[in-house]
Amino acid sequence: MQSTAWAADTDQLFALQCAGCHTGGGNIIEANKTLQLRDLEKYGLDSVQELYDLIYTGAGRMPGYGEGCQGKLQCTFGKRFTNQEVQDMAEYVLQRAQEGWK
């Protein structure tokens, strides 16, 4: 379990950068690829490292958010995450998925 300050900061970052598509652990772009644990397991994204890689570089229609993300049209045009923010977000998403996004 992470600290309360960590959770609040990461929750705010998720709300600002991710919730537009992933509110409540869902996915408004690809409904079968949610952040619910069953889908993370189904797509091999049920570890912090796998989530880190996905958040950093992106995949499919999801842009990468890592500060070193490269690839034409693959990376976000918005705020990039530091390596620590990517790590925190990966831990946050997995923890929330394990809690059922409650």
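Please read all numbers here as calculations on a predicted model, not as lab measurements.
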Novice: Honestly curious: do M89 and Y43 fall in one hydrophobic cluster under the side-chain, below-4.5 Å linking rule?
Specialist: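 Yes; tracing contacts between hydrophobic side chains, which count when under 4.5 Å, links both residues.
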Novice: Out of curiosity, N32 CG to N27 CG, how far, rounded to the nearest 0.5 Å?
Specialist: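 These two atoms lie 8.0 Å from each other.
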Novice: How many angstroms lie between CG in L37 and CD in E99, if you round to the nearest 0.5 Å?
Specialist: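 Result: 11.0 Å between the selected atoms.
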Novice: Quick one: does any side-chain atom of D88 pair with a main-chain N or O of T10 as donor and acceptor, under 3.5 Å?
Specialist: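 Such a contact is absent between D88 side chain and T10 backbone.
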Novice: State, with a plain yes or no, whether a side-chain heavy atom of L40 is found less than 4.5 Å away from one of L51.
Specialist: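 Result yes, sub-4.5 Å side-chain heavy-atom pair found.
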Novice: Do the non-hydrogen side-chain atoms of L94 and Y52 ever get within less than 4.5 Å of each other?
Specialist: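 They are not in side-chain contact.
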Novice: If every non-hydrogen atom of A97 is compared with every non-hydrogen atom of L35, which pair is closest and at what distance?
Specialist: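 Smallest interatomic distance, heavy atoms only, reads CB-O, 3.3 Å.
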Novice: Is a donor from one side chain sitting under 3.5 angstrom from an acceptor on the other, for Q87 and E91?
Specialist: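 The answer is yes; a qualifying pair exists.
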Novice: For residues Y92 and D9, is any side-chain donor paired with an opposing acceptor at under 3.5 Å?
Specialist: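 Result is no, nothing qualifies.
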Novice: Listing request: all side chain to side chain donor-acceptor pair (under 3.5 Å) pairs with a residue in residues 61-80, at least two apart in sequence or in separate chains.
Specialist: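 Every pair satisfying side chain to side chain donor-acceptor pair (under 3.5 Å) with a residue in residues 61-80: K79-E85.
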Novice: What's the shortest heavy-atom distance between A59 and L54, and which atoms?
Specialist: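 Nearest pair, atom of A59 first, then L54: CB-CD1, 3.5 Å.
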Novice: Any side-chain to backbone donor/acceptor pair from Q36 onto G24? Under 3.5 Å, distance only.
Specialist: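 Here the side-chain-to-backbone pair exists.
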Novice: Do D39 and T34 have a side chain donor and acceptor closer than 3.5 Å?
Specialist: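 A pair is found: one side chain offers a donor N or O, the other an acceptor, under 3.5 Å apart.
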Novice: Specify the closest pair of heavy atoms between V93 and W101, including all atoms of both residues, with the distance to one decimal.
Specialist: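 V93 and W101 have their closest heavy atoms at O-CZ2, 4.0 Å.
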Novice: Looking at F14 and H22, what are the two nearest heavy atoms and their distance?
Specialist: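 Heavy atoms only, the tightest pair is CZ-O, 3.5 Å.
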Novice: Rounded to the nearest 0.5 Å, what separation is found between the CE atom of M62 and the NZ atom of K33?
Specialist: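 Separation between the atoms: 11.5 Å.
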Novice: Taking all non-hydrogen atoms of both residues into account, name the closest pair between G66 and V86 and its distance.
Specialist: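 Where G66 meets V86 most closely, the heavy atoms are CA-CG2, 4.2 Å.
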Novice: Looking at every heavy atom in both P63 and C75, which two are closest together, and how far apart are they?
Specialist: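 Answer, listing the atom of P63 first, then C75: CB-C, 3.9 Å.
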Novice: Nearest 0.5 Å, please: how far is CG in D11 from SG in C18?
Specialist: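 Reported to 0.5 Å precision, the distance equals 10.5 Å.
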Novice: Going from CD on E50 to CG on L45, what distance comes out if it is rounded to the nearest 0.5 angstrom?
Specialist: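 Reported to 0.5 Å precision, the distance equals 6.5 Å.
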